[in-house]
Amino acid sequence: MEKNTFFPEAPEFIPIADLSAPELDVYARLSETELLRFYEPDRGLFIAESPKVIERALASGCRPVSMLCEEKQKEEAGRLTAGWPIPIYTAPFDVLTRLTGFALTRGLLCAMRRPEPLCVEQVCRNARRVAVLEQIMNPTNVGAIFRSAAALSMDAVLLTHGCSDPLYRRSIRVSMGTVFQIPWAFFPQKAEAVRPEKRTDWPEGGLRLLRSLGFRTVAMALREDSLSIDDPRLSSEEKLAIVLGSEGDGLSDTTIAACDYTARIPMSHGVDSLNVAAASAVAFWQLGHGRKSGG
């Protein structure tokens, strides 16, 4: 389905009469895994929520399949999908709440095709500051990290397999749609047939790939030899990858040992660490483009 930019078609508004209609499964009854595999072996679907998020997804080139909205949001839904001949399902607020299982704060959901995935080399081509997420499994944290990365001068986000998908509904919602504004890619999974020196899976192969692209790496971890995050050696690096670990265990020992630097955020009042999403915001602010130590 391609957008008609010359003769925009009027949207097809379809009132919801039957909550069990199979057309509504994508919004209420399919799991994230089922959405991911919806068109298997082709790429699947994701759900974008709220006008701002949907607008950002469309601006990034994502293709809508259908929309679900409150009756009072019909005009907004029609504006967002102008030129896309897709069905727009409508219902009163209380019906949508029963259907989706939660209150829609912005009254709009849009099912969209997942975009073509990018590779690490593509998203790092012109980057100077990238975030690397290792085994961060909570979609709320992933979404919050994306929002901070977009706001605080990161050029890209790289994820290891085991991280939550940035296109899960909660990740998209928490990120406020910034997952469509900052490029991202997963490191490839381990390929047994590839010679060790040619592999690009995380950590050994991925770190080797980052170095081949000109990046120095800093592991955010509490170690005796950790630098303070405002150490001028970090901010002076031309290309820097900031590596953040899982919510519970943090970064693996293998990853920490292989990174060029280890850094910590100075704490007070006996607090030893921050939530990974909060820590990411501090790290991105301090180490983003143009930051100088103490600035």
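Just so you know, these numbers use all the heavy atoms, side chains as well, and skip hydrogens, waters and symmetry mates.
- A continuous path of hydrophobic side-chain contacts links I229 to V218 [ILVMFWY only; heavy atoms under 4.5 Å].
- A continuous path of hydrophobic side-chain contacts links I54 to I182 [ILVMFWY only; heavy atoms under 4.5 Å].
- Both L251 and L207 are part of a single hydrophobic cluster, where members link through side-chain heavy atoms under 4.5 Å apart.
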I'd like to know whether L109 forms a side chain to side chain contact (heavy atoms under 4.5 Å, CB included) with R169, so could you lay out the CA-CA distance, the side-chain angles of the two residues, the decisive distance to 0.1 Å, and finally the verdict. CA-CA 10 Å; L109 292 174; R169 186 185 299 189; 4.3 Å; yes
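- By the rule that hydrophobic residues join a cluster once side-chain heavy atoms approach within less than 4.5 Å of another member, V26 and I14 end up as members of one cluster.
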Determine, stepwise, if the pair R114 / L35 fulfils side chain to side chain contact (heavy atoms under 4.5 Å, CB included). CA-CA 10 Å; R114 296 179 69 94; L35 288 171; over 6 Å; no
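- Note that R113 lies in the cation-pi zone of Y39, set by a 6.0 Å cut-off to the ring centre and a 45° limit from the axis.
- For the pair I86 and V65, the minimum side-chain heavy-atom distance is 4.5 Å or more.
- Ring planes of Y89 and Y27: perpendicular class, angle over 60° (limits at 30 and 60°).
- At a threshold of 4.5 Å between non-hydrogen side-chain atoms, the residues M112 and L167 do not count as touching.
- Taking all atoms of both residues into account, the shortest heavy-atom contact from S164 to N138 is CB-C, 4.1 Å.
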Check the pair L24 / R29 against side chain to side chain contact (heavy atoms under 4.5 Å, CB included), numbers first and verdict last. CA-CA 8 Å; L24 305 180; R29 290 177 285 274; 3.9 Å; yes
Check the pair L158, W202 against side chain to side chain contact (heavy atoms under 4.5 Å, CB included), reporting the backbone distance first and the verdict last. CA-CA 11 Å; L158 307 175; W202 189 264; over 6 Å; no
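- Put simply, the side chain of L227 reaches to within 4.5 Å of the side chain of R233, judged on heavy atoms.
- Between R43 and E116 there is a salt bridge, since a side-chain N of the basic residue sits under 4.0 Å from a carboxylate O of the acidic one.
- Across every non-hydrogen atom of V142 and I136, the tightest pair is CG2-O, 3.6 Å.
- For D249, the CG atom is loosely surrounded, since the number of other residues' heavy atoms within 6.0 Å does not exceed 12.
- L210 places none of its side-chain heavy atoms less than 4.5 Å from the side chain of K239.
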Please walk me through it: do T255 and E134 pass side chain to side chain donor-acceptor pair (under 3.5 Å)? CA-CA 9 Å; T255 297; E134 180 183 89; 2.5 Å; yes
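- Using a 4.0 Å cut-off between a side-chain N of Lys or Arg and a carboxylate O of Asp or Glu, D231 and R264 do not qualify as a salt bridge.
- Taking the side chain as every heavy atom from C-beta outward, L234 and R216 never approach each other to under 4.5 Å.
- Within 6.0 Å of CG on N126 lie no more than 12 heavy atoms contributed by other residues, nucleotides or ligands.
- Counting heavy atoms from C-beta outward, R129 and D155 have side chains that approach closer than 4.5 Å.
- Taking the charged nitrogens against the carboxylate oxygens, R79 and E76 do have a contact shorter than 4.0 Å, which makes a salt bridge.
- Cluster annotation: F180 is not connected to V130 through the hydrophobic network of ILVMFWY side chains, with a link wherever side-chain heavy atoms come within less than 4.5 Å.
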